[in-house]
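Order of listing sets the numbers, starting from 1, for every ligand and every atom in it.
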Amino acid sequence: MPRDLIADKKTLEDMPPLSKEPAADSPEDPNPMPSLYQVPTSFIEDRFKRMTDLHPFASLLNQDDLDDCDWLEHTAFDENEAASREKIAYRLTVCGELSTGLFSSAYPTVSGPLSKLVKARKDFPSVDSADSDRKRILMGHIIATKFKGSNLVTDDAMAFPSDWKTNYQFGPSTGHHEEGDTICLHSLCVHPDLNGKGLGGVLLRAWTQRMKDAGLGKRIALICRERLIKFYESAGFKNVGPSVCQYGGGGWIDMVMEFDSVSHDEDIYP
Ligand SMILES: CC(C)(COP(=O)(O)OP(=O)(O)OC[C@H]1O[C@@H](n2cnc3c(N)ncnc32)[C@H](O)[C@@H]1OP(=O)(O)O)[C@@H](O)C(=O)NCCC(=O)NCCS
């Protein structure tokens with residue numbers, strides 16, 4: 001008999017017989033983790049409770065989402081801050097993988113904030129061709145580009161080449177640079193009818209985590225108004241001070257999240 005099998009036979013003979021009783025020396029966990037379905041709903045975090053009727057799902061955006069993104073951008077932002085339709089088209093075309101849309105679906109006939117939106121805007125696409133009444137609704141989006149040569153958002157990063165449709169450039173001096181390591185978050189918005197339900201916070205956290213995990217850059221930079229500093233800080237961004245950007249009249253604050261300074265499990269989900 002091979003030597004390994006003899007050794008196994010001896011090991012088996014030395015083992016105690018199997019029993020259905022718990023092992024005497026395995027200490028019982030005084031606070032065992034209940035199965036998820038046993039967790040009382042009162043323990044679900046408030047920020048998730050506020051969106052339970054919305055059933056959000058996230059997806060990358062592309063040129064086919066231009067009408068929805070253009071509509072949402074101009075509904076959520078003041079006119080002097082909203083990106084133009086052409087700028088949105090540029091960003092979705094050259095680097096749609098840096099964007100995320102937060103969607104839901106609804107019928108116009110069912111009550112609630114989503115059906116109100118479906119009734120007000122007839123142009124939402126159908127979820128699938130077999131059920132044309134069920135509409136896919138863009139509730140929030142993040143649209144971004146990458147920039148090379150600055151760790152902060154600049155006016156050049158926010159601009160785009162005027163000839164982008166006819167002359168593709170890998171690394172133009174304005175707009176998206178494929179090899180840039182600063183991911184510039186240009187637009188985060190949630191439809192005003194759905195504000196305060198936690199969608200913006202969840203969208204931001206999910207997106208920052210995806211950018212980091214996918215190794216798409218070394219940092220995320222954005223500019224924001226003073227009132228939103230806390231909102232971004234709670235998602236792991238640092239306030240770097242007043243921005244030099246003059247976009248939309250200036251008066252912005254620079255916020256940055258360096259991926260190196262964020263260990264895998266901390267900070268992004270405070
Ligand atoms: C900013 C925005 C995306 C937040 O989305 P939201 O879904 O309403 O945000 P949430 O419900 O996730 O709120 C998260 C927290 O941020 C705070 N917050 C959200 N919007 C705020 C605002 N405009 N001013 C101050 N605080 C705000 C909330 O009070 C909340 O705090 P809490 O968790 O302690 O209650 C949304 O208000 C929006 O689209 N605004 C217009 C576009 C814009 O300004 N975008 C930011 C560009 S820099």
Side-chain angles (χ1 to χ4, degrees), residues 44-58 61 65 68-85 87-88 91 98-104 112-114 116-117 121 137-145 147 152-155 157-158 182-211 219-257 267-270:
I44 297 175
E45 279 183 59
D46 279 346
R47 65 190 161 122
F48 292 122
K49 257 192 240 163
R50 283 179 280 159
M51 65 177 82
T52 45
D53 54 341
L54 297 176
H55 311 295
F57 62 93
L61 297 167
D65 300 303
D68 282 359
C69 291
D70 188 31
W71 160 78
L72 182 60
E73 178 92 7
H74 286 90
T75 308
F77 281 98
D78 290 345
E79 204 43 47
N80 66 330
E81 292 183 7
S84 68
R85 183 177 172 89
K87 194 181 265 188
I88 298 170
R91 290 170 178 167
L98 299 175
S99 66
T100 293
L102 198 60
F103 295 93
S104 188
L114 292 179
K116 198 175 138 208
L117 283 184
R121 178 176 183 257
I137 300 148
L138 181 67
M139 301 189 292
H141 71 213
I142 287 185
I143 298 179
T145 59
F147 196 65
L152 303 175
V153 174
T154 65
D155 282 319
M158 301 202 83
T182 300
I183 301 167
C184 301
L185 191 173
H186 297 298
S187 171
L188 160 62
C189 60
V190 167
H191 191 280
D193 285 8
L194 305 170
N195 280 163
K197 292 176 180 290
L199 293 175
V202 165
L203 174 59
L204 179 62
R205 285 173 173 79
W207 177 82
T208 51
Q209 193 71 47
R210 180 167 74 81
M211 292 298 110
R219 67 191 64 79
I220 298 172
L222 61 89
I223 54 174
C224 73
R225 296 296 181 202
E226 194 117 11
R227 65 177 187 276
L228 286 174
I229 292 175
K230 277 207 165 61
F231 171 72
Y232 285 111
E233 280 179 342
S234 71
F237 286 82
K238 299 233 171 342
N239 177 352
V240 186
S243 165
V244 295
C245 283
Q246 289 307 304
Y247 177 81
W252 300 95
I253 305 293
D254 276 316
M255 305 290 296
V256 177
M257 177 191 285
D267 278 1
I268 293 186
Y269 295 97

Exercise. Give the numbers and elements of all ligand 1 atoms closer than 4.0 Å to a heavy atom of Phe231.
Key: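 Result: 14 (C), 15 (C), 16 (O).
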
Practice problem: Using a strict cut-off of 4.0 Å, indicate which atoms of ligand 1 neighbour a heavy atom of Gly201. | Solution: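 Within the 4.0 Å cut-off of Gly201, ligand 1 contributes 12 (O).
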
Taking N or O atoms only and a 3.5 Å limit, does [X] qualify as a polar contact for ligand 1?
X      : answer
Ala76  : no
Gly196 : yes
Ile223 : no
Leu228 : no
Leu194 : no

Practice problem: Please determine which of Pro242, Cys184, Ser243 meets the side chain to side chain contact (heavy atoms under 4.5 Å, CB included) test together with Ile223. | Solution: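 Only one of Pro242, Cys184, Ser243 forms a side chain to side chain contact (heavy atoms under 4.5 Å, CB included) with Ile223, namely Ser243.
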
Practice problem: Run through Ile143, Leu204, Leu228 and flag the one making a side chain to side chain contact (heavy atoms under 4.5 Å, CB included) with Leu188. | Solution: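 It is Leu204, the one option of Ile143, Leu204, Leu228 that forms the side chain to side chain contact (heavy atoms under 4.5 Å, CB included) with Leu188.
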
[X] contact mode with ligand 1 (heavy-atom cut-off under 4.0 Å):
X      : result
Lys197 : backbone
Leu222 : neither
Tyr232 : side chain

Tell me the closest heavy-atom pair linking [X] and [Y], and the distance in Å.
X      : Y      : answer
Val244 : Asp254 : N-OD2, 4.4 Å
Ala83  : Glu73  : N-OE2, 2.9 Å
Leu222 : Leu185 : CB-O, 3.6 Å

Self-check item: Closest to atom 9 (O) of ligand 1 (judged by heavy-atom distance), picking from Ala82, Gly200, Ala235
Solution: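 Of the listed residues, Gly200 has the closest heavy atom.
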
Quiz prompt | Candidate with minimal heavy-atom separation from atom 46 (C) of ligand 1, of Leu188, Val202, Asp78, Ile253 | solution =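 That would be Leu188.
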
Self-check item: Test of ring centre spacing under 6.0 Å for Trp207 and His141
Solution: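 So the answer is no for these two rings.
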
Quiz item: Should His186 and Thr145 be marked as a side chain to side chain donor-acceptor pair (under 3.5 Å) after you check the CA-CA gap, both sets of side-chain angles, and the distance that decides it?
Solution: CA-CA 8 Å; His186 297 298; Thr145 59; 2.6 Å; yes

Quiz item: Less than 4.5 Å apart, any side-chain heavy atom of Trp252 and any of Glu81?
Solution: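 Touching, per the 4.5 Å side-chain cut-off.
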
